[in-house]
Amino acid sequence: MLLTTTCYVYSGDRSSARSSSMAFSNLVSSVGNDAYGINPANYDYTLPTSKPPKGVSKKKRKIFDPHWEFSLFSAGGGYGSDSSIAFYNNYLQYLSIDRNKFVDLFTNIEEVFRFRNTVLPADKTDVNYDFELNWLSVNYKNPKFGAVNFSISDRVGLNTEVNSRDEYLPLTFGFNFNPNGSYNITDVSLSQSEAIAWWIRKYNIGYAKQFQFKKSGGIRSFSIGISGGLVHGFGNVTTYDSHLSIGTWGIQNVNGVNHVDSIKGKQDFHTQSALTDYFRDYKDGAETQFSLFPKPAGVGYSIDFGINMQIGNDWRIAASVTDLGKITWDYNTVTNNDTNSFAYYNFFVTGTDPTYNQMVNDLGGYATQDSTTHFSTEMPTKFRAGIMFKPNEKFMMEFNWVKGNNDLPGNTKDVIYCFGAEYFVLPYLPVRTGFSAGGPGAYYISLGAGLKLKNFTIDVGTYGINQLIEDKRFSVAVSSKIIL
């Protein structure tokens with residue numbers, strides 16, 4: 001339900017179009033509101049001033065101007081798989097915490113082969129969906145005080161690794177006919193990988209301070225920043241590695257409906273979920289009860305920390321850790337650890353047969369559900385380090401190293417290397433590109449551009465244009481801000 005609902009409507013830099021267009025290599029160069037979720041040290045970004053133009057005295061120059069930045073409804077996201085976008089769309093219909101959609105699979109040999117050959121991938125593949133909406137970001141900086149940032153953002157995401165068809169549904173099952181024309185499907189083994197989908201919201205406040213040094217060489221400035229956030233979780237559905245062994249005997253079509261003599265099996269099924277009332281109401285048909293501020297199913301915290309240092313005139317280095325924290329899910333929770341065996345006899349595969357309905361409920365694990373146990377999940381913690389070279393005001397390039405400590409939506413434990421560049425064709429027209437290697441999708445080539453005026457900027461970017469050409473993934477972001 002979480003998957004199907006949120007797709008109609010995640011990783012802190014998803015809503016930054018500048019970040020997307022530089023393949024997320026902007027740890028050092030992102031400033032102000034653009035630094036949200038990436039490096040809080042960059043909220044305070046006043047740079048050392050260069051020599052004044054001829055005829056302009058230092059006293060007449062306004063070296064530091066406190067100013068505000070406002071960003072509204074910046075958004076970005078992407079979806080797809082290592083296989084193809086078509087596979088992503090096809091597979092989601094089978095990704096569910098219950099087993100209702102699998103019932104027909106074990107009572108129809110044609111469905112077995114159709115599912116195996118047209119839905120499951122030939123090789124193990126990552127499937128991902130993540131979307132971030134930055135409702136509001138406000139950044140205020142002052143040369144004496146530093147900078148303060150307040151942001152509200154929603155993240156929705158899905159992460160799973162789908163087993164190959166030989167792992168998911170190996171061709172080791174038996175198939176044979178009986179004298180009466182019925183047939184048997186025996187020794188079927190099904191193995192499903194872990195999958196997690198969630199919807200969370202962060203209310204975040206941060207502070208940064210930049211220290212200037214009067215040196216022409218060496219360290220010219222050092223910035224440090226920290227931010228903390230209240231996290232509301234509106235939905236979490238997690239299915240852990242699950243296994244099902246099943247055999248069906250005496251399958252025969254009677255007046256257009258399959259009849260089964262017997263079906264036996266055992267499942268090893270482990271799930272946990274917590275959903276705000278909106279999803280429960282939606283399931284019951286009460287779609288009009290949607291609220292922008294529903295009661296959270298989980299509450300937690302998130303902490304970001306970062307530093308930034310300028311060395312000489314042209315070089316900067318930075319490091320950060322973001323989303324340190326956890327969420328405790330304690331509302332509308334359901335945990336299920338079903339390791340039971342089952343056996344059912346003499347029924348038709350139709351919703352009007354009570355035996356069939358009982359089997360569906362058994363496969364769904366309804367009898368073993370626990371609605372009293374609470375659970376916790378980590379935040380998608382991410383570590384970054386980077387270096388930037390900016391020889392002049394028109395051109396800069398940056399290299400980042402990124403690694404997550406888990407595989408939650410919008411994150412990966414794989415190391416990702418990012419390289420990006422920005423060039424101002426005109427004083428108000430930057431064009432950007434980037435390349436990243438590692439993580440889901442192997443490598444990405446990104447493109448983007450912006451319009452940068454005195455009091456307004458707007459950026460657009462796409463992450464992984466090569467993935468789109470290969471019909472594997474699609475990702476885009478649009479962001480803007482007003483500067484006063």
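All values below were derived from every heavy atom in this structure, side-chain atoms included, with hydrogens, water molecules and symmetry-related copies excluded.
Ser29 and Arg18 are linked by a side-chain donor-acceptor pair at a separation below 3.5 angstrom, with hydrogens and angles left out of the test. Counting only N and O atoms by type, the side chains of Asn26 and Ser19 include a donor and acceptor under 3.5 Å apart. With 3.5 Å as the limit, one finds no donor-acceptor pair spanning the side chains of Ser153 and Arg201. Checking Trp329 against Ser376 by side-chain atom types alone, no donor-acceptor pair falls below 3.5 Å. Between the side chains of Ser151 and Asn149, a donor-acceptor pair is found at a separation under 3.5 Å. Checking Asn236 against Thr238 by side-chain atom types alone, a donor-acceptor pair falls below 3.5 Å. Donor-acceptor pairing under 3.5 Å is lacking for the side chains of Asp407 and Asn159. Checking Asp323 against Ser302 by side-chain atom types alone, a donor-acceptor pair falls below 3.5 Å.
Environment of NZ in Lys266: crowded, with over 12 heavy atoms of neighbouring residues, nucleotides or ligands closer than 6.0 Å. For Lys326, the NZ atom counts as loosely surrounded, since its 6.0 Å shell holds 12 or fewer non-hydrogen atoms of other residues, nucleotides or ligands.
Applying the side chain to side chain donor-acceptor pair (under 3.5 Å) rule to Asp82 yields the partners Arg473; only residues at least two apart in sequence or on another chain are considered. Evaluation of the ring pair (Phe, Tyr, Trp, His ring centres under 6.0 Å) rule for Tyr344 yields no partner, not counting sequence neighbours. Phe342 is linked by a ring pair (Phe, Tyr, Trp, His ring centres under 6.0 Å) to nothing, counting only residues two or more places apart in sequence or in another chain. Listed by chain and residue number, nothing satisfies the salt bridge (charged side-chain N to carboxylate O under 4.0 Å, His left out) test with Lys295 (two or more places apart in sequence, or in another chain). Applying the ring pair (Phe, Tyr, Trp, His ring centres under 6.0 Å) test to His270 and every residue at least two apart in sequence or in another chain returns nothing. Scanning for side chain to side chain donor-acceptor pair (under 3.5 Å) contacts around Thr355 gives an empty result, with sequence neighbours left out.
Just one residue in the list Val334, Thr333, Val237 forms a side-chain contact (heavy atoms from CB on, under 4.5 Å) with Leu275, and that residue is Val237. The ring-ring contact (aromatic ring centres under 6.0 Å, His included) test with His259 is passed by exactly one of Phe347, Tyr183, Phe348, Tyr356: Phe348.
Ala75 and Leu133 make their closest contact through CB-CD1, 4.0 Å (heavy atoms, listed as atom of the first residue, atom of the second, distance). Taking every heavy atom of both residues into account, His243 and Ser191 meet most closely at ND1-OG, 3.1 Å. Shortest non-hydrogen contact noted between Leu169 and Phe115 is CD2-CD2, 4.1 Å. Closest heavy-atom contact between Ser193 and Thr160: O-OG1, 4.3 Å. Closest heavy-atom contact between Asn117 and Arg165: O-NH2, 3.5 Å. When every heavy atom of Asn184 is checked against every heavy atom of Gly250, the shortest pair comes out as OD1-N, 2.8 Å.
The pair Asp166-Arg116 counts as a salt bridge, with a side-chain nitrogen and a carboxylate oxygen less than 4.0 angstrom apart.
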- Could you go step by step and tell me if Tyr203 and His232 meet the ring-ring contact (aromatic ring centres under 6.0 Å, His included) rule? CA-CA 8 Å; Tyr203 302 89; His232 280 176; 5.5 Å; yes
- Message: Walk me through whether Asp330 and Thr328 qualify under side chain to side chain donor-acceptor pair (under 3.5 Å).
- Response: CA-CA 6 Å; Asp330 57 5; Thr328 298; over 6 Å; no
- Residues Tyr79, Tyr88; criterion ring-ring contact (aromatic ring centres under 6.0 Å, His included); working and verdict: CA-CA 8 Å; Tyr79 71 96; Tyr88 168 91; 5.2 Å; yes
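Taking the six-membered ring for Trp and the full ring otherwise, Tyr444 and Tyr463 have centroids separated by under 6.0 Å.
Formation of a donor-acceptor pair under 3.5 Å by the Asp123 side chain with backbone atoms of Ser164 is not found in this model.
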